[in-house]
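First listed ligand is number 1; within each ligand, the first listed atom is number 1. No experiment lies behind these values; they were computed from the predicted model shown.
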Amino acid sequence: MASLSLSSAHFSSTSSSSRSSISTSSLSPSSTSLPLLQSPIRRRYRSLRRRLSFSVIPRRTSRSFSTSNSQIRCSINEPLKVMISGAPASGKGTQCELIVHKFGLVHISTGDLLRAEVSSGTDIGKRAKEFMNSGSLVPDEIVIAMVAGRLSREDAKEHGWLLDGFPRSFAQAQSLDKLNVKPDIFILLDVPDEILIDRCVGRRLDPVTGKIYHIKNYPPESDEIKARLVTRPDDTEEKVKARLQIYKQNSEAIISAYSDVMVKIDANRPKEVVFEETQTLLSQIQLKRMIKTDKASPVQDKWRGIPTRLNNIPHSRDIRAYFYEDVLQATIRSIKDGNTRLRVDINIPELNPEMDVYRIGTLMELVQALALSFADDGKRVKVCVQGSMGEGALAGMPLQLAGTRKILEYMDWGDDETLGTFVKLGAIGGKEVDEEDDMFILVAPQNAVGNCIIDDLQAMTTAAGKRPVVLINPRLKDLPASSGIMQTMGREQRLEYALTFDNCYVFRLLYYLGTQYPIMGALRMSYPYRYELYKRVNEENGKEKYVLLATYAERPTPEQIDDAFSGKSRDQSKKASGIW
Ligand code: AP5
């Protein structure tokens, strides 16, 4: 039996969403003003975001999303400082291209800088040329001065740097130490010698784009590009062997200088696979730094990692605000990164329709916090709740959503006529998309027994084109009725379509199989970082904490979660049993 307390917008359902219901007839504007959403609190919320100074969305001056920029930038992060090293042709330049594209670091390649000097015919170029052509190292004083000058420029300080091919001698490493230049990470690309020679001999460069090709491994995309490719003078087999020899003589001293931050990567794999590993390492540094910054920042000094007392219902304002902010930042990062089909899955007890403490008000608050934040930055946001999906006896709409449109209308959207201008309410469907809309937030779109929302959703995303569509807690699996009303035709296509939405935020609590108490741990993913698995640990003073157990590039399977909790390596034949 469901009941609704209007003042707290709290309604309980015993076990499933279908049993949750809400009477809209008794709603009145005054009774539905949710306490957390009063203007002063919203202002506090906005100011909190401002003080965190995420610079990812422009202010009201611009309404367009940049979908082409796929770089990760987040101003609360100190810029990354990365060194990449490895033998000739280990793939440093190739990885740098990908890193720069993703992380926006300033690429400082001593090889490229020297080649530019040579082709411009400068004094430095004239001196460097003969060393380079013979495969030997250019004298330290030339290279050190060049790098020191480049590192001191504003762009490198602001965006971070990626040092490629430097230091290459102990003296060069010492010079950096004197300048107090230390990397966050020293990536060493490891490739067997015989592969290196083939890579060098087959390497071709595009003088127009600077892109690196290989005649076999990475051939050019067109005949036009192929015709203009050039070969480096030091890429003959004989010279490569000499370069390799010199590299080996120096590498040990350099590696020992950075052993505390060194990570060796097997670079004898396709460049995409190597990059996946590189990218994960860099994202982890950013994540750790973000957590540290949050802890140190006055506005986040109460930051506790995963919030505790999640079994206490209703959740405190702090806990709700934590999750709204967490979801918001992940969504902002994902949109800024060019993603347009996003999905948020947040399953704290108050947002889990399977639990008897589900609160529709919390879901509405979350949606409002997101919508207002984007609206505050000049975007025209359409918040959409699906309508009834049939006629007569077939009319259907998930009960969980019944009345939510009304709640949204009655909520306090501020006194500056935000609702109706920067935030509009709508349903789900192709016709709901107006030219002026910049983005769409869809409230828990879901299939109802006998009805499928996917067609409407698909029509909507087609009409939205490159504009972001964010699904909050969607449930897009088929729910066939016992009478089989839900069509089974096209099921695969529907599931495939549902998968086109990328998770930008995931949070769920973990329990022993079949129970909802006690909380065993939590799984969190906040774009673009990895899935983090936490274990809840009771402390002596009656408190609790969440301890990071493992991280994963992909959502971990129940088996992987089981393994992490039991600390065992998996026997393939073993089935998952414990945590869900
Ligand atoms: P530099 O240009 O830095 O040359 P290097 O260190 O010898 O490295 P390379 O540029 O040859 O290779 P790379 O690791 O970047 O590989 P790439 O991605 O191109 O330096 C040139 C010269 O300048 C030096 O010899 C020296 O004289 C001088 N110099 C530079 N720095 C100096 C310093 N600090 N001090 C003194 N002198 C200095 O890939 C190679 C090929 O493999 C490509 O064809 C690519 O398509 C292919 N490939 C890349 N990744 C993969 C993969 N995963 N699988 C298959 N193929 C791949």
Could you pull out all residues at least two apart from E194 that satisfy salt bridge (charged side-chain N to carboxylate O under 4.0 Å, His left out)?
-> none

Which one holds for S109 and ligand 1: side chain close, backbone close, both close, or neither close, with close meaning a heavy atom under 4.0 Å?
-> neither

With backbone taken as N, CA, C and O and side chain as the heavy atoms from C-beta onward, which portion of N217 lies under 4.0 Å from ligand 1: side chain, backbone, both, or neither?
-> side chain

Check: A89 N/O within less than 3.5 Å of ligand 1 N/O | yes

Can you check whether K92 has an N/O within less than 3.5 Å of an N/O in ligand 1?
-> yes

Can you tell which part of A267 has a heavy atom less than 4.0 Å from ligand 1: side chain, backbone, both or neither?
-> backbone

Test log, rule ring pair (Phe, Tyr, Trp, His ring centres under 6.0 Å), inputs Y527 and Y505 | CA-CA 6 Å; Y527 181 90; Y505 185 81; over 10 Å; no

Does NZ in K545 sit with more than 12 non-hydrogen atoms of other residues, nucleotides or ligands closer than 6.0 Å?
-> no

Give a yes/no verdict on whether any heavy atom in R115 is under 4.0 Å from an atom of ligand 1.
-> yes

Would you kindly specify which portion of Y247 sits under 4.0 Å from ligand 1, judged on non-hydrogen atoms: side chain, backbone, both or neither?
-> neither

Would you say V470 and V344 make side-chain contact, with heavy atoms under 4.5 Å?
-> yes

N/O separation below 3.5 Å, P270 to ligand 1 = no

Any chance CZ of R127 has more than 12 other-residue heavy atoms, nucleotides or ligands included, within less than 6.0 Å?
-> no

Over 12 foreign heavy atoms within 6.0 Å of CD, E272 = yes

Got an N/O contact under 3.5 Å between R204 and ligand 1?
-> no

Given T94, V138, D140, which has its nearest heavy atom closest to atom 37 (N) of ligand 1?
-> V138

Closest heavy-atom contact between L196 and P88?
-> CD2-O, 3.2 Å

For ligand 1, find out whether one of its N or O atoms is nearer than 3.5 Å to an N or O atom of L137.
-> no

Note: heavy atom closest to atom 10 (O) of ligand 1, options E97, R232, R243, belongs to R232

Carboxylate-amine/guanidinium proximity below 4.0 Å for R467 and D438 | no

Under 4.0 Å, heavy atoms only, figure out whether ligand 1 is touched by the backbone of V143, its side chain, both or neither.
-> side chain

Is there a heavy atom in R269 that sits closer than 4.0 Å to ligand 1?
-> yes

Contact atoms of ligand 1, heavy-atom distance to Y213 under 4.0 Å = 43 (C), 44 (O), 46 (O)

Salt-bridge test for D234 and K239: reply yes if a basic N is under 4.0 Å from a carboxylate O, no otherwise.
-> no

Non-hydrogen atoms of A553 and E276 that approach each other most closely | CB-OE2, 4.2 Å

Contact check: G202 vs ligand 1, nitrogen or oxygen atoms, below 3.5 angstrom | no

Is the shortest distance from a heavy atom of G86 to ligand 1 less than 4.0 Å?
-> no

Could you list the residues that satisfy salt bridge (charged side-chain N to carboxylate O under 4.0 Å, His left out) with E237, not counting sequence neighbours?
-> K241

Could you say whether the N/O atoms of D234 and ligand 1 ever approach to under 3.5 Å?
-> no

D235 N/O to ligand 1 N/O under 3.5 Å | no

Identify the residue among R228, K226, K211 that makes a side chain to side chain donor-acceptor pair (under 3.5 Å) with D206.
-> R228

Using distance alone, determine whether G91 and ligand 1 share an N or O pair under 3.5 Å.
-> yes

Per-atom contacts of ligand 1 with I212, taking only distances under 4.0 Å to non-hydrogen atoms | 18 (O), 19 (O), 43 (C), 45 (C), 46 (O)

Is it true that the NZ or CZ of K271 lies under 6.0 Å from the centre of Y218's six-membered ring and within 45 degrees of the ring axis?
-> yes

May I ask you to list the atoms of ligand 1 that are less than 4.0 angstrom from any heavy atom of G165?
-> 31 (N), 32 (C), 33 (C), 34 (N)

Do ligand 1 and D164 have nitrogen or oxygen atoms that lie under 3.5 Å from each other?
-> no

